[in-house]
Amino acid sequence: MSSSSVSAGSQARVGVVQMTSVGDLDANYATCSRLTKEAAAAGVKFLCFPEVFSFIGSKDGESVKIAESLDGPIMQRYCSLANDSSMWLSLGGFQEKGPDDSHQYNTHVLIDDSGKVRSSYRKIHLFDVDVPGNMVYKESRFTTAGDTVVAVDSPFGRLGLTVCYDLRFPEIYQCLRFKHQAQVLLVPSAFTKVTGEAHWEILLRARAIETQCYVIAAAQAGKHNEKRESYGDSIIIDPWGAVIARLPDRLSTGFAVADIDLSKVEAVRTKMPISEQRKFDSILKSSSL
């Protein structure tokens with residue numbers, strides 16, 4: 001596995017977006033474009049947007065109808081935005097055209113500052129859940145799950161790409177840290193109001209602590225339509241589990257900023273060398289004999 005392209009001790013300014021996407025591609029792009037320009041003026045070099053940043057439909061199947069390939073006009077518009085702003089963008093999850101006309105992929109796309117798609121990750125864990133309050137979600141009805149864990153080098157450390165409901169499955173983050181050497185975990189999300197109030201921050205901080213990684217979690221916030229409401233609270237967490245950036249209002253549209261310092265990752269890992277002390281893989285091997 002290649003090492004990160006940024007050295008320990010260097011810092012990079014990153015931003016995490018909070019927004020309320022709607023069922024209008026142009027309106028959502030206008031919001032994303034405005035926030036990107038404001039972030040660039042604030043010195044941000046890497047800006048992270050939430051899940052379904054470009055579109056949230058109000059009717060079943062609407063997202064499948066607008067789904068496109070990653071070289072289609074919707075994503076190319078965001079590629080141009082990254083290039084024009086000289087900024088890396090994390091865009092997750094995008095409605096990528098799926099394997100048939102009835103399904104899409106929920107895809108986290110990473111674009112570099114020249115507007116090139118550097119990597120993409122198709123959400124593995126789909127949100128098929130009966131949420132308290134008589135809300136039933138069945139993401140798999142219109143979405144096909146991915147099957148590949150993705151990590152990629154960047155000027156901001158080695159990034160681990162995930163999406164929303166993946167957060168409840170610590171194995172993927174363990175894999176990103178210990179098999180793919182991730183230093184920064186990206187968790188673009190659209191948590192429901194009920195699940196967010198109960199679990200959002202504690203799950204994110206747990207993932208940061210147990211992997212000794214930075215976590216950048218961009219969140220959808222507020223009411224998107226009559227049927228759907230998101231919890232919000234975009235945050236950045238350091239490898240010790242401390243929240244180092246968040247918006248003052250968990251429902252407002254905007255972004256929060258923090259400086260990623262990879263020397264802190266190395267310091268935490270050196271003082272508490274869990275990568276060298278892990279026993280679980282060997283226990284699993286012996287128990288299967």
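As a basis for the values below, the full set of heavy atoms in this structure was taken, side chains included, without hydrogen atoms, waters or symmetry mates.
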### Query
Just wondering, more than 12 heavy atoms not from Asp101 lying within 6.0 Å of its CG?
no
### Task
Measure from the side-chain N and O atoms of Ser154 to the backbone N and O of Gly157, and report whether any donor-acceptor pair falls under 3.5 Å.
yes
### Query
Side chains of Arg246 and Glu201: does their closest heavy-atom pair fall under 4.5 Å?
yes
#### Entry: Exam field: side chain Asn28 to backbone Val22, donor-acceptor pair closer than 3.5 Å
yes
### Arg13 side chain vs Val257 backbone, donor-acceptor pair below 3.5 Å
no
### Query
Residues two or more places apart in sequence or in another chain: which of them pass side-chain contact (heavy atoms from CB on, under 4.5 Å) with Ala39?
Val44, Leu47, Met87, Phe255
### Query
With a 3.5 Å cut-off and no angle check, do the side chains of Glu96 and Thr107 form a donor-acceptor pair?
yes
#### Entry: Worked check of side-chain hydrogen bond (donor to acceptor under 3.5 Å, both in side chains) between Ser21 and His224
CA-CA 6 Å; Ser21 294; His224 310 283; 5.7 Å; no
#### Entry: Pairwise side-chain contact, Arg207 with Pro170, heavy-atom cut-off 4.5 Å (strictly under)
yes
#### Entry: Student check: side-chain heavy atoms of Ser120 and Val150 closer than 4.5 Å
no
### Query
Hey, does Met75 have a side-chain heavy atom less than 4.5 Å from the side chain of Ser54?
no
Name the atoms and distances for all side-chain donor-acceptor pairs under 3.5 Å in residues 188-200, with sequence neighbours left out.
residue, atom, partner, partner atom, Å
Ser189, OG, Val187, O, 3.0
Thr192, OG1, Thr195, N, 3.1
Thr192, OG1, Thr195, OG1, 2.6
Lys193, NZ, Glu197, OE2, 2.9
Thr195, OG1, Thr192, N, 3.3
Thr195, OG1, Thr192, O, 3.4
His199, ND1, Arg168, NH1, 3.2
His199, ND1, Arg168, NH2, 3.0
Trp200, NE1, Asp233, O, 2.8

### Message
Could you see if Ile237 belongs to whatever hydrophobic cluster contains Val268? Use Ile, Leu, Val, Met, Phe, Trp, Tyr and a side-chain cutoff under 4.5 Å.
### Response
no
### Task
State, to 0.1 Å, how close Gln104 and Val64 come at their nearest heavy-atom pair, and which atoms those are.
OE1-N, 3.7 Å
### Task
Please collect all ring pair (Phe, Tyr, Trp, His ring centres under 6.0 Å) contacts where either partner lies in residues 57-92, sequence neighbours excluded, each pair once.
Tyr29-Tyr78, Phe53-Tyr78, Trp88-Phe156
### Message
I'd like to know whether Phe127 forms a side-chain contact (heavy atoms from CB on, under 4.5 Å) with Thr143, so could you lay out the CA-CA distance, the side-chain angles of the two residues, the decisive distance to 0.1 Å, and finally the verdict.
### Response
CA-CA 10 Å; Phe127 192 56; Thr143 304; over 6 Å; no
### Task
Name all pairs fulfilling the salt bridge (Lys or Arg N to Asp or Glu O under 4.0 Å) condition that reach into residues 247-256, sequence neighbours left out, sorted by first residue then second.
none
### Query
Is there a donor-acceptor contact under 3.5 Å linking the side chains of Asp166 and Tyr121?
yes
### Message
So which atom in Gly241 and which in Ile209 form the shortest heavy-atom distance, rounded to 0.1 Å?
### Response
CA-CG1, 3.6 Å
### Message
Taking CD in Gln277 as the centre, count heavy atoms belonging to other residues, nucleotides or ligands within less than 6.0 Å. Is the count above 12?
### Response
yes
### Query
Just by distance, do the side chain of Gln95 and the backbone of Ala67 share a donor-acceptor pair under 3.5 Å?
no
### Task
Determine whether Glu226 and Ser58 make a side-chain contact, defined as any pair of heavy atoms from C-beta on separated by less than 4.5 Å.
no
### Message
Between Thr144 and Tyr105 (side chain of the first, backbone of the second, donor and acceptor by atom type, cut-off under 3.5 Å), is there such a pair?
### Response
no
### Message
Show me the pairs that pass salt bridge (Lys or Arg N to Asp or Glu O under 4.0 Å) and involve residues 14-33, at least two apart or across chains.
### Response
Asp26-Arg77
### Task
Give a yes or no on whether the backbone of Thr211 and the side-chain of Arg177 come within a donor-acceptor separation of less than 3.5 Å.
yes
### Message
Considering only residues two or more places apart or on different chains, which pairs with a residue in residues 42-67 satisfy salt bridge (Lys or Arg N to Asp or Glu O under 4.0 Å)?
### Response
Glu51-Lys123, Asp60-Arg141
### Query
Looking at side-chain heavy atoms only, is the closest gap between Val129 and Tyr165 below 4.5 Å?
yes
### Query
Short question: side chain of Gln18, backbone of Leu247 - any donor-acceptor pair under 3.5 Å?
no
### Query
Are Leu167 and Thr162 close enough, and set up right, to give a side-chain contact (heavy atoms from CB on, under 4.5 Å), and what steps lead you there?
CA-CA 8 Å; Leu167 182 59; Thr162 68; over 6 Å; no
### Message
Looking at Ala219, is its backbone amide N or carbonyl O close enough to the side chain of Ser234 to form a donor-acceptor pair, meaning the two atoms are under 3.5 Å apart?
### Response
yes
### Task
Take Ile260 and Phe46 through the test side-chain contact (heavy atoms from CB on, under 4.5 Å) and record every step on the way to the result.
CA-CA 10 Å; Ile260 295 291; Phe46 180 34; over 6 Å; no
### Query
Is the centre of the Tyr173 ring less than 6.0 Å from the centre of the Phe169 ring?
no
## Note on the structure
Taking every heavy atom of Tyr231 against every heavy atom of Leu251, the minimum-distance pair comes out as O-CD2, 3.7 Å
### Test side-chain contact (heavy atoms from CB on, under 4.5 Å) applied to Gln212 and Ser275, step by step
CA-CA 10 Å; Gln212 301 171 318; Ser275 63; 5.9 Å; no
### Query
Less than 4.5 Å apart, any side-chain heavy atom of Glu171 and any of His125?
no
### Message
I'd like to know if the side chain of Tyr214 reaches the main chain of Asp261, judged simply by a donor and an acceptor atom lying under 3.5 Å from each other, with no hydrogens or angles considered.
### Response
yes
### Query
With a 4.5 Å heavy-atom cut-off, do Leu185 and Leu176 have their side chains touching?
yes
### Task
Rounded to the nearest 0.5 Å, what's the gap from CG on Leu70 to CD1 on Ile111? Could you check?
9.0 Å
